[in-house]
Amino acid sequence: QVQLVESGGGLVQAGGSLRLSCAASGRTFSTIAMGWFRQAPGKEREFVAHINWSGRTTTYADSVKGRFTISRDNAENTVYLQMNNLKPEDTAVYFCNWGTYYSPSGSFSVRGSWGQGTQVTVSS
């Protein structure tokens, strides 16, 4: 089982940047795809970005393309989400998880348990 702990959230003004981290335990980290998700108040959790096991393949939701970058360090068992040019609509609790990405449909099937997430608040 993979345990996940998100960190790095905070309060930032519109146009600012934050870097989220997701630390994973378990020796299978380097073999699994990872994703970032977010849930805004009153809304369903949504996909933000995915990265494959090697880091060579990434995908993004249209709403964050060109602003967010997902990366991973398999030696450190950590996946990152660099968020630039943040907008108030990016305000949400951000979660990471592992699973399977299906390229034809562009969907990510989550296979792990959800952690506490990390709050990102963007002020206008």
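Below, all heavy atoms of this structure are taken into account, side chains as well, without hydrogens, waters or symmetry copies.
Side-chain N or O atoms of Thr118 include one that pairs as donor or acceptor with a backbone N or O of Gly9 at under 3.5 Å. Formation of a donor-acceptor pair under 3.5 Å by the Tyr60 side chain with backbone atoms of Ile70 is found in this model. Under the 3.5 Å distance criterion, the side-chain polar atoms of Asn85 are left unmatched by any main-chain donor or acceptor of Gly15.
Lys43 meets the salt bridge (Lys or Arg N to Asp or Glu O under 4.0 Å) test with no other residue; sequence neighbours excluded. Under the rule for a salt bridge (Lys or Arg N to Asp or Glu O under 4.0 Å), the partners of Arg67 that lie at least two apart in sequence or sit in another chain are Asp90. Evaluation of the side-chain contact (heavy atoms from CB on, under 4.5 Å) rule for Thr57 yields His50, Asn52 as partners, not counting sequence neighbours. Scanning for side-chain hydrogen bond (donor to acceptor under 3.5 Å, both in side chains) contacts around Ser124 gives an empty result, with sequence neighbours left out.
Among all heavy-atom pairs drawn from Thr78 and Glu76, the shortest one is OG1-O, 2.9 Å. Closest approach of Phe47 and Ala61 over heavy atoms only: O-CB, 3.5 Å. Nearest heavy atom pair, residue Val79 against residue Trp36, reads O-CZ2, 3.8 Å. Residues Val48 and Phe68 approach most closely at CG1-CD2, 3.8 Å, considering heavy atoms. Annotation for Phe37 and Val110: closest pair CZ-CG2, 3.6 Å, computed over non-hydrogen atoms. In plain terms, the two heavy atoms of Asn74 and Asn77 that are nearest each other are O-OD1, 3.2 Å.
Listed by first and then second residue, the side chain to side chain donor-acceptor pair (under 3.5 Å) pairs that reach into residues 4-24 are Ser17-Asn84, sequence neighbours excluded.
Here the straight-line distance linking atom CD of Glu89 with atom CZ of Arg38 works out to 8.0 Å at 0.5 Å rounding. Atom OG of Ser113 and atom CG of Leu4 lie 8.5 Å apart (nearest 0.5 Å). Taking CD of Glu46 as the reference point, atom CD of Gln39 lies at 9.5 Å (rounded to 0.5 Å).
Gln116 CD: 12 or fewer foreign heavy atoms inside a 6.0 Å radius.
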Exercise. Could you walk me through whether Thr91 and Gln119 pass the side chain to side chain contact (heavy atoms under 4.5 Å, CB included) test, one step at a time?
Key: CA-CA 8 Å; Thr91 294; Gln119 176 71 48; 4.1 Å; yes
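Clustering ILVMFWY residues whenever any of their side-chain heavy atoms sit less than 4.5 angstrom apart, transitively, puts Met83 in the very cluster that holds Val12. Val64 and Phe95 fall into different hydrophobic clusters, where Ile, Leu, Val, Met, Phe, Trp and Tyr side chains are chained together by heavy-atom contacts under 4.5 Å. Using a 4.5 Å cut-off between side-chain heavy atoms of Ile, Leu, Val, Met, Phe, Trp and Tyr, with links allowed through other members, Val93 and Val122 fall into different hydrophobic clusters.
For the pair Arg72 and Tyr80, the cation-pi test (distance below 6.0 Å, angle within 45°) is failed.
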Side-chain donor/acceptor pairs under 3.5 Å, residues 28-35, sequence neighbours excluded:
from	atom 1	to	atom 2	distance (Å)
Thr31	OG1	Thr28	O	2.7

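No side-chain heavy atom of Thr100 sits less than 4.5 Å from a side-chain heavy atom of Phe108.
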